[in-house]
Every structure is written in C-alpha cells, then in structure tokens.
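Here is how names work: the chains are called A, B, and so on, in the same order as the sequence lines, proteins then strands, and each is numbered from 1.
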Amino acid sequence: MTSIDAPVTPDAPAAPVASVASAASAAPEALDAREAPAARGALEASAASALPTPPAELHGPVLAWFDRHARDLPWRRPEAGAWGVMVSEFMLQQTPVVRVLPVYEQWLARWPRPADLAADAPGEAVRAWGRLGYPRRALRLHAAAVAITERHRGDVPSDHGQLLALPGIGEYTAAAVASFAYGQRHAVLDTNVRRVFARAATGVQYPPNATTAAERRLARALLPQDEATASRWAAASMELGALICTAKNEDCGRCPISGQCAWRLSGKPAHDGPPRRGQTYAGTDRQVRGRLLAVLRDTSDPVAQAALDAVWDEPVQRARALDGLVADGLVEPLDGGYYRLPVS
DNA sequence: GAAACGTGGGA
DNA sequence: TTCCCAAGTTT
C-alpha cells in the first residue's frame with residue numbers, strides 16, 4: 001500500500017467520474033495510517049468536496065438502511081469477539097456466506113481461542129475446513145493462530161500493521177478485522193464495497209479487476225470522520241453490495257441511495273472495458289488437487305498412493321498436483337508411498 | 001501485474 | 001449445460 005498514484009486513466013467513463021478522478025489525482029501520495037491526522041483530514045476534505053454526491057448525503061440513508069436490514073450473522077454478534085471476526089473473514093474470502101455459516105460454528109466450538117487452534121495439528125484445520133475451497137486458507141489461519149499465540153499472547157492484535165503481518169491477512173482482511181472487531185476507522189475495500197462505490201460515486205457498472213489507488217482515495221474520502229460511524233459505514237456499505245447492489249440483477253428499487261447513484265442516473269451504461277477474467281476449473285491442476293485432498297480429509301489414517309491414483313487418470317498431471325500439495329504444506333508424505341494431512 | 005488457488009449454487 | 005460469481009492473498 002505505498003504505490004505512486006496512477007495517472008487519471010484516459011478511458012475513464014463520462015461525467016461523474018471526471019470530477020472524482022481529477023480531485024483524487026490532485027491529492028498527494030496515498031495516505032498511511034502513520035500520517036498526521038490533520039493532513040489526512042484536509043486531503044480527504046478536498047477529495048470529498050469534488051464528489052458528485054457529498055459523503056454526508058450517502059451516510060445517513062445507508063446507515064439507516066443497515067439498521068433495518070442487516071443480516072443477523074454470528075460473527076456480527078458481540079460474543080463473536082475478534083477471533084470470531086477473524087475466522088469469519090478468512091472463511092469469507094471468495095466463499096459465500098451460506099456455505100461459511102455451518103463451518104464457522106463448528107470451528108469456533110472446537111477452537112474458541114487462537115491458542116486452541118495453535119495447539120492442534122495444521123492438518124486438523126485443513127480437515128475441518130471441509131469443502132469451503134482454497135484450503136491454503138485453513139493452513140494460513142492455523143499459522144496465524146500460532147503467530148498470535150507466540151507474538152501477541154493469544155489475543156488477536158488490534159493494530160492494523162500487526163494484523164497485516166499475519167499469514168493469510170492482506171489489505172482487506174486487516175482493515176476488516178480492525179474495523180469490525182475493534183471499531184476502528186479504516187477504508188474496508190472488498191468486492192462489495194468496490195462495486196457500490198463504482199456505481200454510486202464513479203458511475204460505472206463494475207470496479208477495475210484489481211484495487212486501484214483511486215479507489216483507495218475515494219474510499220477514504222467517503223469514510224465518516226467519527227470512528228464508530230466509520231466502522232458501521234464499512235459494514236453497511238459492504239452489506240448494501242451483498243444484498244442490493246449485487247453484481248447481477250441489482251435491486252435499485254430497494255436501494256437507499258438509488259436517487260444519488262451516478263451509474264443509475266446516467267442510465268446504467270453497460271461495462272465497457274476489458275472483460276473480467278473468468279477462472280477456468282475443469283481439467284486444471286486445481287481440480288486434481290481438490291480431489292486428492294478430499295480423499296485425505298476423509299480419513300485420519302495414512303492413505304496409500306494407489307488410493308490417490310484413483311482420483312485422476314492422467315499420471316503426469318496427477319503427480320504434479322500431489323507434489324504441489326506437498327510443497328504447499330497441505331499434504332505430508334510418509335515412508336512407503338503413503339500420505340496424510342500434515343501433523344506438524 | 002498476471003496467474004494460481006476450490007467449490008457449489010443460481011441464472 | 002455452460003457461465004458467472006462469492007467478505008482475497010500470495011508469488
């Protein structure tokens with residue numbers, strides 16, 4: 001998060017964007033958490049003043065909507081604690097809420113504190129992860145629990161920099177945990193928030209493939225000054241993207257800021273730029289890895305090579321996938337051609 | 001910055 | 001049935 005601000009893109013969409021982009025580019029370097037509050041406030045004020053819709057006009061309606069329509073998710077309850085929030089954030093990376101719910105409950109019941117998970121084998125985390133997908137997240141969550149136990153006396157750190165230093169925690173998750181679990185003021189930019197801002201403030205259907213400096217500036221400019229309000233705003237804007245301002249079939253009829261949405265006011269123009277990369281899956285190493293790991297998850301006993309060979313007929317790809325799992329630490333090779341989930 | 005990394009449900 | 005997408009991170 002250091003980057004030099006990118007120049008205003010020449011192909012930037014029409015009217016509403018122009019004012020946002022120019023105001024954003026006029027600001028100096030990206031702000032860091034360590035910068036003086038005074039400088040930060042001034043910069044955000046200048047960026048905000050040029051927005052098509054002043055932030056204050058968005059906060060009220062979105063926060064009021066959130067009060068009425070927020071889902072009652074377990075990690076939003078006070079008893080979830082910072083560990084519950086952190087576990088949910090790991091599981092929710094690229095995985096829908098409905099699939100996370102049951103696994104989350106079992107996880108917290110089994111490992112109510114970071115030290116509990118840290119004391120168990122990493123392979124148990126991979127097993128409990130079940131079919132959530134991207135099992136390296138389970139390994140990283142376990143590693144993060146170990147780090148928290150060793151470096152932070154078993155308490156999930158509240159400092160953004162310390163969170164960012166944990167395995168599996170990147171820009172989004174660090175801000176999310178600091179904001180949701182500790183009520184801090186951070187720009188929380190996930191795919192939902194980015195889409196809401198792209199539409200409401202920038203006037204385009206979809207945000208760029210990767211988060212840009214302009215998006216970070218915009219998010220900071222829209223962040224309420226008050227810490228508690230900023231924290232609620234982060235959750236509210238995310239929920240709006242998850243329930244109303246969805247990627248497809250958005251429900252503008254129920255949107256609290258549809259009357260101020262730059263994209264809707266300009267006739268909801270279709271996304272133009274380069275097509276968003278679709279991810280292939282069938283026939284890939286990822287599919288093979290998934291099948292191999294599924295076999296190993298189902299038993300605590302060592303699995304013979306032959307049992308793994310049965311899941312995929314192409315030997316070269318099969319071997320490459322297994323090697324990859326071992327290299328990633330997701331599978332532990334034993335003597336005699338046996339394998340199991342990692343015990344250490 | 002691009003590519004790798006799982007899985008399953010809805011349109 | 002195929003395609004798209006879901007609270008990203010790491011290399």
Should we say atom OH of A/Y182 is surrounded by more than 12 heavy atoms from elsewhere, each under 6.0 Å from it? yes

Does A/T95 get its side chain close enough to the base of B/dG6, under 3.5 Å, for a donor-acceptor pair? yes

I need the CZ-P distance between A/F66 and C/dA7, as an integer number of Å. 14 Å

Distance test, side-chain N/O of A/T173 to OP1/OP2 of C/dT9, below 4.0 Å: yes

Over 12 foreign heavy atoms within 6.0 Å of CZ, A/R110: yes

At 4.0 Å (heavy atoms only), tell me whether A/L139 reaches a base, stays on the sugar-phosphate, or touches nothing. nothing

Span that lies between the C1' atom of C/dC5 and that of B/dC5, in whole angstrom: 16 Å

For the C1' atoms, the ones on C/dT11 and on B/dT7, what distance do you get once it is rounded to whole angstrom? 23 Å

Using a cut-off of strictly less than 4.0 Å, decide whether A/R131 has a side-chain nitrogen or oxygen near OP1 or OP2 of B/dG8. yes

Return all side-chain donor-acceptor pairs below 3.5 angstrom for residues 111-118 of chain A, not counting sequence neighbours, or 'none' if the list is empty.
| unit_1 | atom_1 | unit_2 | atom_2 | d |
| --- | --- | --- | --- | --- |
| A/W111 | NE1 | A/D120 | OD2 | 3.2 |
| A/R113 | NE | A/D116 | OD2 | 3.1 |
| A/R113 | NH2 | A/D116 | OD1 | 2.9 |
| A/D116 | OD2 | A/R113 | N | 2.9 |

In whole Å, what separates the C1' atom of C/dA7 from that of B/dA2? 23 Å

B/dG1 versus C/dT9 - spacing of their C1' atoms, nearest Å: 14 Å

Scan A/W75 against the nucleic acid and name what it touches under 4.0 Å (heavy atoms): base, sugar-phosphate only, or nothing. base

Name the nucleic acid region contacted by A/G133, choosing base, sugar-phosphate or nothing; use a 4.0 angstrom heavy-atom cut-off, strictly under. base

A/D285 has its side chain closest, among B/dC5, B/dG8, C/dC4, to B/dC5

Checking C/dA7, B/dC5, C/dA6 against the side chain of A/D190 (C-beta onward), the nearest is C/dA7

Go through C/dA7, C/dC5, C/dG8 for me and flag the one nearest to the A/V97 side chain. C/dA7

A/R99 or A/P167, whichever maps to the more 5' nucleotide of DNA chain C: A/R99

Among B/dA11, C/dA7, C/dA6, which nucleotide sits nearest the side chain of A/N249? B/dA11

Applying a 4.0 Å non-hydrogen cut-off, can you work out what A/R71 is touching in the nucleic acid: base, sugar-phosphate, or nothing? base

Can you tell me if A/Q94 touches the phosphate of C/dA6, counting only side-chain N or O atoms and a distance under 4.0 Å to OP1 or OP2? no

As a test of reading the structure: which of B/dG6, C/dT9, C/dA7 is closest to the side chain of A/L92, going by heavy atoms? C/dA7

Does anything in residues 287-310 of chain A reach DNA chain B, meaning a heavy atom under 4.0 Å, and if so which residues? A/R289, A/G290, A/R297

Kindly point out which of C/dC5, C/dG8, C/dA7 is positioned nearest to the side chain of A/A242? C/dA7

Report yes if a donor N or O on one partner sits less than 3.5 Å from an acceptor N or O on the other, where the partners are the side chain of A/R136 and the base of C/dT10; otherwise report no. no

